[in-house]
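Letters A, B, ... mirror the listed sequences (proteins, then strands); counts begin at 1.
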Protein chains: 2
Amino acid sequence: MFDPVCPSGLSPIRVGDKWAGMIIRCLEEGPRRFSELRVPLRGITAKVLTQSLRALQRDGLVIRNSHAAPGHAPAPVYELTALGRSILEPMNAACAWAADHWDDLLDARES
Amino acid sequence: MFDPVCPSGLSPIRVGDKWAGMIIRCLEEGPRRFSELRVPLRGITAKVLTQSLRALQRDGLVIRNSHAAPGHAPAPVYELTALGRSILEPMNAACAWAADHWDDLLDARES
DNA sequence: CTGTATCCTCCAAGATACTG
DNA sequence: CAGTATCTTGGAGGATACAG
């Protein structure tokens with residue numbers, strides 16, 4: 001299990017629901033299709049991915065484009081909106097914090 | 001209802017559990033006692049405040065000091081650790097983002 | 001492939017009552 | 001004042017089956 005907000009799991013900072021941060025990370029490098037998202041997000045079910053994506057659309061962070069080419073099956077792609085890209089900044093700040101203080105967080109838990 | 005991460009409620013960025021961000025904000029200006037925290041955090045029950053505080057202690061963000069003076073009842077105070085204060089930085093980044101994009105978030109929801 | 005429809009489980013969070 | 005002890009519940013999230 002990895003963390004949207006960096007190394008993995010311990011950071012108290014979250015973005016949206018359980019998967020939202022990771023979805024945003026997956027869309028960072030460009031538009032992706034439904035099944036492409038399911039690969040890095042191992043373990044997510046179709047239902048939950050749909051739910052998270054709908055929530056991100058509702059909040060204006062992600063947009064769904066239905067590229068229907070004639071003679072082809074419709075191939076919708078999801079991509080970040082400008083708003084969605086803008087949230088990468090605070091996410092990266094959170095990520096940097098988590099990386100900087102990883103040892104402190106680990107120490108606090110085990111002691 | 002207000003938001004740990006700024007204006008109020010809509011921001012997809014969260015810190016810890018439901019109350020953690022707000023608790024951290026309440027401790028920003030100095031140590032506070034249990035009952036002092038319950039005032040700004042209106043509606044929180046003793047049980048849930050205890051739980052959140054224990055989680056913050058476990059993660060090393062908050063420390064509980066039991067100032068027992070002779071002849072007085074014990075008066076524990078909660079305060080941020082250095083680690084706890086350090087998380088204010090990414091929280092403020094998230095806060096700034098939320099403030100900057102408040103209108104976008106509102107527009108996305110209502111349309 | 002891209003979903004929707006059901007059903008189920010678990011747990012965060014609240015209500016309430018009680019204790020040192 | 002500063003909690004602990006129970007009980008309850010709404011909803012997030014997962015499993016599985018089915019659909020266009």
Phosphate-side-chain proximity, [X] and [N], N/O vs OP1/OP2 below 4.0 Å:
X	N	answer
B:Arg64	D:dG3	yes
B:Arg33	D:dC1	no
B:Thr50	D:dG3	no
B:Thr45	C:dA15	no

Would you please name every residue forming a salt bridge (charged side-chain N to carboxylate O under 4.0 Å, His left out) with A:Glu28, sequence neighbours left out?
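A:Arg25.
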
Using a cut-off of 4.0 Å on non-hydrogen atoms, how would the nucleic acid contact of B:Arg38 be classed: base, sugar-phosphate, or nothing?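 Here B:Arg38 touches no strand at all.
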
How is A:Arg54 classified with respect to the nucleic acid when contacts are heavy atoms under 4.0 Å: base, sugar-phosphate, or nothing?
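The answer is sugar-phosphate, as A:Arg54 gets under 4.0 Å only of primed atoms, P, OP1 or OP2.
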
Between atom CD1 in A:Ile44 and atom C1' in D:dG14, what is the gap in whole Å?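 Result: 11 Å.
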
- Euclidean distance, atom CG of residue A:Leu49 to atom P of C:dT2 [Å, nearest integer]: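 Rounded to whole Å, this separation is 10 Å.
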
[X]: which residues meet the side chain to side chain contact (heavy atoms under 4.5 Å, CB included) condition with it, sequence neighbours left out?
X	answer
B:Arg109	A:Arg58, A:Asp59, B:Leu10
A:Arg32	A:Leu27, A:Glu29, A:Glu36, A:Leu37
B:Ser35	none

Proximity to the side chain of B:Phe34 - top-ranked nucleotide from C:dT4, D:dA2, D:dG14
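Nearest to the side chain of B:Phe34 among the choices is D:dA2.
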
From the options C:dG3, D:dG13, D:dG3, select the nucleotide whose nearest atom is closest to the side chain of A:Ala46.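 Comparing C:dG3, D:dG13, D:dG3 against the side chain of A:Ala46, the answer is C:dG3.
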
Quiz prompt | 5'-most by nearest nucleotide on DNA chain C - A:Tyr78 or A:Lys47 | solution =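 The 5'-side residue here is A:Tyr78.
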
Margin query: Tell me the closest heavy-atom pair linking B:Trp97 and B:Pro12, and the distance in Å.
Written below: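 Taking B:Trp97 first and B:Pro12 second, the nearest heavy atoms are CZ3-CD, 3.8 Å.
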
If you apply the rule side-chain hydrogen bond (donor to acceptor under 3.5 Å, both in side chains), what do you find for B:Gln57 with B:Arg54, and how did you get there? CA-CA 5 Å; B:Gln57 289 176 248; B:Arg54 297 287 175 265; 2.9 Å; yes

Listed once per pair and sorted, the salt bridge (Lys or Arg N to Asp or Glu O under 4.0 Å) pairs that draw on residues 74-94 of chain B, sequence neighbours left out |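 Qualifying pairs, neighbours excluded: none.
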
Q) End-to-end bend of the helix from C:dC1-D:dG20 to C:dG20-D:dC1 (five-pair axes, 10° rounding)? A)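 The angle, to the nearest 10 degrees, is 40°.
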
